[in-house]
Q: 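Below is a structure I'd like to ask you about.
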Amino acid sequence: AKPPLSTGFLLCEFTPYFRSAMLCCCADGKQEAELVSMDMTGYLEEAPTAPESEPKMEPKMEPAGPHTFEISLVKDGPLGIMLDTKSSGLSVMRIGGGCFEAHNAKAAPDNRLEKHDFIVAINGKTSQDSMLAEVKECKGTVTMKICRPMPWVVKMPRSGKPFGAGFGFQKDSCSMDIKNIVDGALKDHNARAAPDQQVQVWDIILKVNALETPQLMMEALKTLTEFELTFARPPKV
């Protein structure tokens, strides 16, 4: 049976069938790897997709690039991290107990693992399945390549329109993926924003008006008249 998912609809909510994986390396020494497949199809009849407009010829600009670094540690117990699968790797959802908490306690600030960091390689493995297997099964030294996206903040009014985007997330996620963008407040923002402030498909929403769980963020996007959103762009792999 598929796990329950609490969502609301803001135009096109979910693309059909989103395969997710979550790995929990628990502080009590037990390690569990769970593959979760969710049918997250949703629609709202009054939200037709607008025809595509002619692309604008603008200079290619991106938000500030990610901070990339490596962490090597000896796996002498549970790692103590919970991971979420994203389009560009494994995103850190939580850190508690285990090897990474011990590493963070003595590491320099720019070499600590943090919430929302992306793990893009583990002991040379780069696919999601191989990284998940490596975290669960490897012994001895673990070397991870970490990318930390630089977040940026966007303030926008609703202006009487729906937000205009579809989202993907797991039940316990701490962020939401932008799955599509249609007519609405977000598309209006992109039309007037500088290129490095525009939001793209697969960008991640970290906060909506200081709210950080997908269920609360969804509710805020349905009801508030003004938004302050914190976005991050996943690393390119």
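The shown structure was predicted, so the numbers you read here are calculated from the model rather than taken from an experiment.
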Q: For I205 and F231, what are the C-alpha separation, side-chain angles and deciding distance, and is it a side chain to side chain contact (heavy atoms under 4.5 Å, CB included)?
A: CA-CA 5 Å; I205 301 180; F231 290 96; 3.4 Å; yes
Q: Taking all non-hydrogen atoms of both residues into account, name the closest pair between F227 and A220 and its distance.
A: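 Closest approach of F227 to A220, heavy atoms only: CE2-O, 3.7 Å.
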Q: Contact between C174 and H116 at the side-chain level, heavy atoms closer than 4.5 Å - yes or no?
A: yes
Q: Check whether any side-chain heavy atom of L73 sits under 4.5 Å from a side-chain heavy atom of T141, and report yes or no.
A: no
Q: Looking only at side chains, do K86 and S175 share a donor and an acceptor under 3.5 Å apart?
A: yes
Q: Does K115 have more than 12 heavy atoms from other residues, nucleotides or ligands lying within 6.0 Å of its NZ?
A: yes
Q: Are side-chain heavy atoms of D76 and C99 found at a separation under 4.5 Å?
A: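 Yes, at least one pair of side-chain atoms sits under 4.5 Å.
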Q: Is E228 paired with K155 through a side-chain N to carboxylate O contact shorter than 4.0 Å?
A: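 Yes, charged N to carboxylate O under 4.0 Å.
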Q: Could you tell me if the side chain of L224 sits less than 4.5 Å from the side chain of N209, heavy atoms only?
A: yes
Q: Let me confirm one number: the CG-CZ distance from D183 to F163, rounded to the nearest 0.5 Å.
A: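 The CG atom of D183 sits 13.5 Å away from the CZ atom of F163.
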Q: Using distance alone, with no hydrogens and no angle criterion, decide if Q198 and N190 have a side-chain donor and acceptor under 3.5 Å apart.
A: no
Q: Please name the pair of heavy atoms, one in K171 and one in Q215, separated by the smallest distance, quoted to 0.1 Å.
A: O-NE2, 3.4 Å
Q: Determine whether I119 and K145 satisfy the following criterion, side chain to side chain contact (heavy atoms under 4.5 Å, CB included), listing intermediate values before the conclusion.
A: CA-CA 6 Å; I119 301 174; K145 182 179 179 181; over 6 Å; no
Q: Nearest 0.5 Å please: distance from the CD atom of Q200 over to the CD1 atom of I181.
A: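 One finds 8.0 Å between CD of Q200 and CD1 of I181.
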Q: Quick one: pull up NE2 in H189 and CG in L229 and give me the separation to the nearest 0.5 Å.
A: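 Result: 9.0 Å between the selected atoms.
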Q: Looking only at atom types and distance, does a side-chain atom of N180 sit under 3.5 Å from a main-chain N or O of A165, one as donor and one as acceptor?
A: no
Q: Can you check whether L206 reaches E212 side chain to side chain, under 4.5 Å on heavy atoms?
A: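 Side-chain contact under 4.5 Å: no.
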Q: Would you call F69 and D110 a side-chain contact if the rule is heavy atoms closer than 4.5 Å?
A: no
Q: Taking it one step at a time, do K75 and E134 satisfy salt bridge (charged side-chain N to carboxylate O under 4.0 Å, His left out)?
A: CA-CA 11 Å; K75 184 182 177 186; E134 192 72 11; over 6 Å; no
Q: Measuring only between side-chain heavy atoms, which start at C-beta, is I146 closer than 4.5 Å to V120?
A: no
Q: Please find the pair of heavy atoms, one from L83 and one from I81, that lie closest to each other, and give the distance.
A: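 Smallest heavy-atom distance, with atoms named: CD2-CD1, 3.9 Å.
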Q: Would you call R112 and E101 a salt bridge, taking side-chain N to carboxylate O under 4.0 Å as the test?
A: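 Looking at E101 together with R112, the answer is no, because their closest N to O distance does not fall below 4.0 Å.
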Q: Looking only at atom types and distance, does a side-chain atom of R233 sit under 3.5 Å from a main-chain N or O of W202, one as donor and one as acceptor?
A: no
Q: So D177 and F169, side chain to side chain contact (heavy atoms under 4.5 Å, CB included) or not? Walk me through it.
A: CA-CA 6 Å; D177 299 332; F169 59 88; over 6 Å; no
Q: I need the minimum non-hydrogen distance between G89 and M131, along with the two atoms involved.
A: CA-CE, 4.4 Å
Q: What's the spacing between E114 CD and I95 CD1 if we round to 0.5 Å?
A: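 So the CD of E114 and the CD1 of I95 are separated by 7.5 Å.
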Q: Using every non-hydrogen atom in the two residues, find where M144 and L79 come nearest and quote the distance to one decimal.
A: CE-CD1, 4.1 Å
Q: Any chance the side chains of S173 and D84 put a donor and an acceptor closer than 3.5 Å?
A: yes
Q: Minimum heavy-atom separation for R94 and D172, please, with both atom names.
A: NH2-O, 3.6 Å
Q: Measuring from atom NZ of K161 to atom CE of M156, what distance do you get when rounded to the nearest 0.5 angstrom?
A: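 The distance works out to 12.0 Å.
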Q: Does some side-chain heavy atom of M217 sit less than 4.5 Å from a side-chain heavy atom of M176?
A: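 SC-SC contact between M176 and M217 confirmed.
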Q: Atom NZ of K136 and atom CD1 of I122: how far apart are they, to the nearest 0.5 Å?
A: 14.0 Å
Q: Report the C-alpha separation of Q197 and W152 in whole Å, then their side-chain angles, then the decisive distance to 0.1 Å, and conclude whether the side chain to side chain contact (heavy atoms under 4.5 Å, CB included) test is met.
A: CA-CA 8 Å; Q197 290 291 301; W152 79 99; 3.5 Å; yes
Q: Hydrophobic clustering (ILVMFWY, side-chain heavy atoms < 4.5 Å, transitive) - are V201 and F167 grouped together?
A: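 Same cluster: F167 reaches V201 through Ile, Leu, Val, Met, Phe, Trp or Tyr contacts under 4.5 Å.
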